[in-house]
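Note on naming: letters A, B, ... go to the chains in the order of the sequence lines (proteins, then strands), and numbering restarts at 1 for each one. Computation of the quantities below employed the complete heavy-atom set of this structure, encompassing side-chain atoms and omitting hydrogens, waters and symmetry-equivalent molecules.
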There are 2 protein chains.
Amino acid sequence: MATRQRSNPLALAVLALLYERPMHPYEMATTLRERRKEDSIKLNYGSLYSVVQSLERRGLVTAQEVQRDGRRPERTVYAIAEPGTVELLDWLSELVAVPTREFTQFEAALSLLACLKPDEAVRLLEERVSRLEQELAAAEGLRGHSSMSKLPRLLYIEWEYRIALRRTELEFVSSLVQEIREETIEGLAMWRDFHQQ
Amino acid sequence: MATRQRSNPLALAVLALLYERPMHPYEMATTLRERRKEDSIKLNYGSLYSVVQSLERRGLVTAQEVQRDGRRPERTVYAIAEPGTVELLDWLSELVAVPTREFTQFEAALSLLACLKPDEAVRLLEERVSRLEQELAAAEGLRGHSSMSKLPRLLYIEWEYRIALRRTELEFVSSLVQEIREETIEGLAMWRDFHQQ
DNA sequence: TCGAAAATACTCGATTCCGAGTACGCGAGT
DNA sequence: ACTCGCGTACTCGGAATCGAGTATTTTCGA
């Protein structure tokens with residue numbers, strides 16, 4: 001019965017929304033969209049319904065009523081239950097307080113970089129650099145713009161966090177490229193040898 | 001039949017290992033461990049065997065022979081096939097060249113931070129700061145140490161990348177804490193109000 | 001030399017994920 | 001008055017995940 005606990009952040013988001021007020025799943029989806037949480041939390045229609053179901057099974061949320069608006073399909077409204085608020089605050093606290101290994105795609109790619117030929121790797125890393133520059137420029141553009149500048153910073157810190165990480169990534173990749181180009185990085189000879197035959 | 005393509009980095013790692021030489025699954029696991037790739041790539045026994053199977057179905061790898069060492073269980077040795085090397089290089093190139101949205105747990109947590117009371121949030125964020133400091137100190141310690149200092153940098157860049165990101169995270173969280181403490185962050189009043197009633 | 005512990009090499013099945021598909025209602029235009 | 005297409009609200013099934021379990025074998029200390 002132990003539906004996989006605390007693996008899927010979407011469940012956390014659902015609890016957080018219901019902590020505010022009761023809602024039906026579709027409304028959760030649109031609300032998350034509106035607040036641009038889809039950028040920070042992996043949201044997916046298919047998952048949403050099964051996640052809510054699993055929360056109900058675990059007694060963290062309860063189906064409240066079945067609404068019907070005109071002849072539209074029924075919508076089941078859910079509310080958070082007492083154990084649900086406990087779980088929400090506890091889970092969230094842990095995520096905030098305890099750093100965990102995060103597995104990113106790029107880290108995996110870096111760890112296998114040796115499969116590519118050195119020159120090829122440099123070319124691709126440079127492409128990444130320019131894409132990152134574009135992305136950061138676009139983000140800067142947004143900052144002064146419309147909806148974003150109206151909101152208090154507190155409501156989009158996650159956005160700033162992501163930007164900060166990207167900036168670090170840009171610096172890292174840039175200097176990596178430089179080191180390979182200047183041949184100052186350790187192990188380059190070995191790398192070339194490996195791809196010679 | 002379209003076994004989910006390019007979602008699981010473990011499949012990439014398997015291709016990379018077989019690109020070097022044929023192997024059986026258990027050897028892949030231990031090799032990945034030895035090279036400390038388990039820190040960068042999510043490795044899991046259960047997944048490994050099904051991932052290899054799925055690669056075989058797609059014709060990217062082929063079962064080569066069934067060995068038997070003494071009276072130990074049989075081991076099926078796999079080799080990479082032509083379409084497998086194409087897929088490996090193509091996939092890896094894309095991961096290197098094109099930055100993608102990475103969803104981290106902490107980013108999700110940040111985006112829901114408002115669920116916690118301000119003082120509580122500060123306390124937890126400070127705990128994170130001290131844990132991050134510990135982690136970074138330990139990492140620094142390792143750098144000069146034993147196995148790590150023997151290897152050329154090229155073979156553990158992913159490690160440096162992770163450290164660089166962590167350092168940025170530390171700075172970010174530290175300054176966030178400070179801003180909340182000094183009440184200079186926008187939206188703090190609203191946040192307190194929300195938790196008043 | 002005997003037994004305990006660690007290593008080897010998987011297997012299994014309950015659960016979860018995910019994206020395409022579906023089916024209907026509503027409003028804008030003509 | 002009609003239809004075209006978008007928005008709404010979900011369903012479905014197959015694939016993927018994961019961690020615990022299994023059964024043997026080697027190692028190593030007392």
Side-chain contact check for B/Tyr49: nearest option of D/dC10, C/dC17, C/dC10 is C/dC10
B/Arg6 atom CZ is separated from C/dC18 atom C1', nearest whole Å, by 19 Å
In whole angstroms, the gap separating C1' of D/dA15 from CD of B/Gln53 amounts to 12 Å
- Message: Taking only side-chain N and O atoms of B/Ser47, does any of them lie within less than 4.0 angstrom of OP1 or OP2 on D/dC18?
- Response: yes
Q) For D/dC10, does either OP1 or OP2 sit under 4.0 Å from a side-chain N or O belonging to A/Tyr26? A) no
note: B/Arg57, atom CZ; D/dA16, atom P; distance rounded to Å ~ 6 Å
message: Salt bridge check, B/Glu135 against B/Arg131: does any charged N sit closer than 4.0 Å to a carboxylate O?
response: no
Separation of C/dC17 atom P from B/Asn8 atom CG, nearest Å, is 15 Å
- In plain terms, say whether A/Glu158 and A/Arg36 are close enough for a salt bridge, that is, a side-chain N and a carboxylate O under 4.0 Å apart. no
salt_bridge(A/Arg35, A/Glu20) N-O dist < 4.0 Å = yes
Between CG of B/Leu55 and C1' of D/dA16 the distance, given in whole Å, is 13 Å
Task: Cation over ring face, B/Arg167 and B/Phe172, 6.0 Å, 45° - done: no
When rounded to whole Å, the NZ to C1' distance for the pair A/Lys42 and C/dC17 reads 10 Å
When rounded to whole Å, the CZ to P distance for the pair A/Arg33 and D/dG7 reads 10 Å
Testing D/dT17, C/dA9, C/dC17 for proximity to the side chain of B/His24, the answer is C/dA9
Per atom distances to the A/Val51 side chain, the nearest of D/dT17, C/dC17, C/dG19 is C/dC17
To the nearest angstrom, the CG-P distance between B/Leu48 and C/dT8 comes to 14 Å
